Amino acid sequence: MATSLVAEQLHAIWHERPGLAGWASTVDHKRIGKRYLHTGMLFLVLGGLESMLIRAQLADAQLEILDPETYNQIFTMHGITMMFLFAMPVLSGFGNYFVPLMIGARDMAFPRLNAFGYWVFLASGIFMYSSFLIGQAPNAGWFNYPPLADRDFAPGLNIDYYTLGLIFMGISTTGGAINFIVTILKMRAPGMTLNRIPIFVWGELAMSFQIVFALPALTLANVMLELERRFGFHFFGEAGGGDPLLWQHLFWIFGHPEVYIIALPAFGIVSAILPTWSRRRIVGYTWIVVAELSTALIGFGVWVHHMFATGLPQITLSFISLASFMVAIPSGVQVFAWLATLVAGRPVLRTPMLYVLGFIATFVIGGVTGVMFAAIPLDQQLHDSMFVVAHLHYVLVGGALFPIFGALYHWLPKMTGRMLSERLGKISFWLTFIGFNLSMFPLHILGLLGQPRRTYTYQEGLGWEPYNLISTIGTFILAAGLLTTFYNWYMSLRRGEPAGNDPWRGETLEWATTSPPPHHNFDHIPTVRSREPAWDQPDLADGAQPIEQGGHPLTEGHITLSTSVLDARPQAVVHMPHSTPWPLYLTIAMTILFTGMLVSSILIVALGGVTTTGALFGWFWPRRETQET
Amino acid sequence: MTQAIEHLPSKLAHTAHGPRAFGWWGMVWLIATEATLFAMLIASYFYLRFRSQPEWPPSSIEAPELTLPLIMSVILLSSSIPVHFAEAAIKKGSVTGLRIGLALGSLLGAIFLGLTWGIEWPEALHHFTPRTNSYGTMYFTITGFHGAHVLGGLVFSVWTQVRAWKGAFGADRHLTVQNFTMYWHFVDVVWVAVMATIYLSPHL
């Protein structure tokens, strides 16, 4: 059969070397995506262990499980881990794996940059966690305010791990965001016009735009803080004419969009799961896309609502308060579009759907407390109390963890080719859902009663003990729920039922190829004529749309198509780079460089500088296969 | 369907530059994120100026001399002209034109950098250092950031020059040249903002 001949030819062109060499040099977006996912899940375990330590310490009044300094380090690393090392990488991982599949491409636009991004994420995560080895993990909270984070009050290496680690990681995040943008703008299969892009892909695009314009603020703030700590520059210290509020502005110009950097792709997951499991096209496609993009935009105008208690002028506060109320509108639009899809469809209540419903319930509660915080008097009353902790966990666990676990149940059969246990899935969901609400809902009450956040213990007799105990029990139930999914995942890899190409009758292109997909994703790059191509185009079966229907085998080389930004018309054939270990070498060299900066050793910095330059030359040195285009 | 067959890949070019190439878009977004970084830096400058000081520059530091910075501005901004002609030359297939344009642009860039780090900085250091106060800090941070970008542009330029010697570029193969010129123009445009912030605004 002609198709299998094409598949064989493509396999010969696109397969990568086996063994250690192949492991170190892969540029396949699917392998990289899985790495992001697996590594991010490992960090979830670490961050989860930290949360259990925090909750164990707070279970009763005046416990001594953690001393105050360790407590500070643990809750700081918990925040950093869950934001930067779990949520962002895992959502990037799903994006890496599924964006090229959903848009009918053979890989990401910059495969080597993609590999580099993963290695740098891994290296910077290890870099930050190595701080525990010398007992000096970051300890000033994940938003790291000076003067507490300045040299006078934090003389150890704790904060330097934070600043250098996040600068290092920013290289990975920025590269990844640019890669997503170019991939989504330029690599969509012919016919996938802007109004046919799957909403999950829109979510990754909106996230990437936010990273491009928000992350520089964080990087810059960290560079400034490091210059101040190491060389006595004056940015944040009052003494030399600096201003600690400058840090807060820069941090939250990044930090508030960061919430949407995590939430927008997670919303995208929800919009990917809902139509399949409601057996219906999503309601209000255009509204949802506009809502995602306008959230990304308005998200840049609300950073000061993290600073309502800093004594800024009233007019500033009022303006930001207004914008903060406004940002609830696009979120509301999406929630109603999802609910309408549910109502108008024939929902099937299997595990992915349960997680989506759990997401809607928790996220709406987090959204409501968010609107409460947009009111300045209430914010000033509850600032830095446990109420804030409850709010942000409802937003982020509701808005990211539930969609991510829903996505596991929805997409793992595609990624591994094996089914998961539905029974374990349901058990896992209910443990997670009940455990989460038990752990976080009481914190609302504790906040109203006056318990401050980030304080390692509390006095007896304030009536806080029962709520704290319930919260601690809830945390451990939540952990059991997550572990159940990991066990389910492990068992499915060992002896799960084969999934087949399309176990759920999905609507987007990833369901039109094998599970797991071949190295080249599709035997023929399809021509798309619908927003739900896998439902409307019977010619797409098995990833090989017949040539007379517009399928492109592209067996002439290691090539893919470049298509136009708006209407995805083919413009050129692009030769893609082959697998290479240089991204790994460059990462190792840069790790030496950052370690040198951490320990203030000119020798190690010089070594790192030389090896980094050498690795860059090695990477870009022209080879026969990567001729100039 | 007929449209699809019309665009069959066998009829498509196997080289791409400009908005058809992935690399061109990569450079566009790299510049976008770098421009944001500079915008934040300049915003921080004015934030510290308006928040903390009754007078600026503070503590009897004089507002910067303008003669040398204006000369430097003319040199750096004019370097965009040969770089522009270098790109125009390779679009017509002239590798010689490309190499001459690149060489002239790099020469002007190198002179600019030499003036910054050889004369302007040592002169400023007579009066203040980055550790003196927030004015000194911002002065050296912003000019330092920009200088580092010019240096990066010079390395990029030399790399492009070497590739040109090796015959890597032609009328329809010059994405690297396009990316270099885009980056170089960006660094020049940023200088206008740096000049206005660091050298002109203290006189206001």
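All values derive from a computational prediction rather than experimental measurement. Protein chains get the first letters and strands the later ones, always in sequence-line order, with residue 1 at the start of each.
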Q: Quick one: which of A:V574, A:V565, A:T174 has the most heavy-atom pairs under 4.5 Å with chain B, could you say?
A: A:V574
Q: Could you check if a side-chain atom of A:P622 sits within less than 4.5 angstrom of a side-chain atom of B:K166, using non-hydrogen atoms only?
A: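 No - every pair of side-chain heavy atoms lies 4.5 Å or more apart.
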Q: How long is the gap from OG on B:S44 to CZ on A:F236, to the nearest 0.5 Å?
A: 7.5 Å
Q: Working to the nearest 0.5 Å, report the span between OG1 of B:T137 and CZ of A:F231.
A: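 One finds 12.5 Å between OG1 of B:T137 and CZ of A:F231.
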Q: Contact part of A:I181 toward chain B, heavy-atom cut-off under 4.5 Å: side chain, backbone, both or neither?
A: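 Only the side chain of A:I181 comes within 4.5 Å of chain B.
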Q: With side chain to side chain contact (heavy atoms under 4.5 Å, CB included) as the test, would you mind laying out the steps for B:L12 and A:L561 before giving the verdict?
A: CA-CA 9 Å; B:L12 293 172; A:L561 288 176; 3.9 Å; yes
Q: Could you give me the CA-CA distance, side-chain angles and deciding distance for B:F22 and A:S562, then say whether side chain to side chain contact (heavy atoms under 4.5 Å, CB included) is met?
A: CA-CA 8 Å; B:F22 300 160; A:S562 163; 3.8 Å; yes
Q: Just verifying a value: how many Å separate B:R51 CZ and A:L246 CG, rounded to the nearest 0.5 Å?
A: 9.5 Å
Q: Could you tell me the separation between the OG1 atom of A:T219 and the CE atom of B:M40, rounded to the nearest 0.5 Å?
A: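 The CE atom of B:M40 is 10.0 Å from OG1 of A:T219, to the nearest 0.5 Å.
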Q: Give, as side chain, backbone, both or neither, the part of B:T132 having an atom under 4.5 angstrom from any heavy atom of chain A.
A: backbone
Q: Relative to each other, are the rings of B:Y47 and A:H249 parallel, tilted or perpendicular (30° and 60° limits)?
A: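 Because their plane-to-plane angle is over 60°, the rings of B:Y47 and A:H249 count as perpendicular.
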Q: Quick check on A:I253 against chain B: is it the side chain, the backbone, both or neither that has a heavy atom closer than 4.5 Å?
A: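 For A:I253, the side chain is the part near chain B, not the backbone.
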Q: Rounded to the nearest 0.5 Å, what separation is found between the CZ atom of B:R20 and the OG1 atom of A:T563?
A: 11.0 Å
Q: Take B:M138 and A:F235 through the test side chain to side chain contact (heavy atoms under 4.5 Å, CB included) and record every step on the way to the result.
A: CA-CA 8 Å; B:M138 290 314 295; A:F235 295 106; 3.5 Å; yes
Q: Is the closest side-chain heavy-atom distance between A:L215 and B:T33 below 4.5 Å?
A: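 In short, these two side chains do not touch, never coming nearer than 4.5 Å.
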Q: Does any heavy atom of chain B fall under 4.5 Å from the side chain of A:L250, the backbone, both, or neither of them?
A: side chain
Q: Which atoms of A:F110 come close to chain B, meaning under 4.5 Å heavy atom to heavy atom: side chain ones, backbone ones, both, or neither?
A: side chain
Q: List the residues meeting side-chain hydrogen bond (donor to acceptor under 3.5 Å, both in side chains) with B:Y45, not counting sequence neighbours, and say none if there are none.
A: B:W56
Q: Within a radius of less than 6.0 Å around CZ of B:F85, do more than 12 heavy atoms belonging to other residues, nucleotides or ligands occur?
A: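 Result for CZ/B:F85: open.
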Q: Kindly assign one of parallel, tilted or perpendicular to the pair B:W29 and A:F209, based on the angle between their ring planes and the thresholds 30° and 60°.
A: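 B:W29 vs A:F209 ring planes: tilted.
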Q: Side chain, backbone, both or neither: which part of B:F140 has a non-hydrogen atom closer than 4.5 Å to chain A?
A: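 Neither part; nothing is under 4.5 Å.
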Q: Would one find more than 12 heavy atoms of other residues, nucleotides or ligands at under 6.0 Å from atom CZ of B:R131?
A: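 Open: at most 12 neighbouring heavy atoms sit under 6.0 Å from CZ of B:R131.
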Q: Testing the basics here: between A:A572 and B:A16, what is the closest heavy-atom pair and its distance to 0.1 Å?
A: CB-CB, 4.1 Å
Q: Under 4.5 Å, counting heavy-atom pairs only, tell me which of A:L113, A:I178, A:I211, A:I525 racks up the most with chain B.
A: A:I178
Q: Do the non-hydrogen side-chain atoms of A:M224 and B:L41 ever get within less than 4.5 Å of each other?
A: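 Sidechains of B:L41 and A:M224: in contact.
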Q: Between CG of A:L220 and OG1 of B:T36, what distance do you get to the nearest 0.5 Å?
A: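 Here the interatomic distance stands at 11.0 Å.
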Q: Would you say the ring centroid of A:F617 lies under 6.0 angstrom from that of B:W159?
A: yes
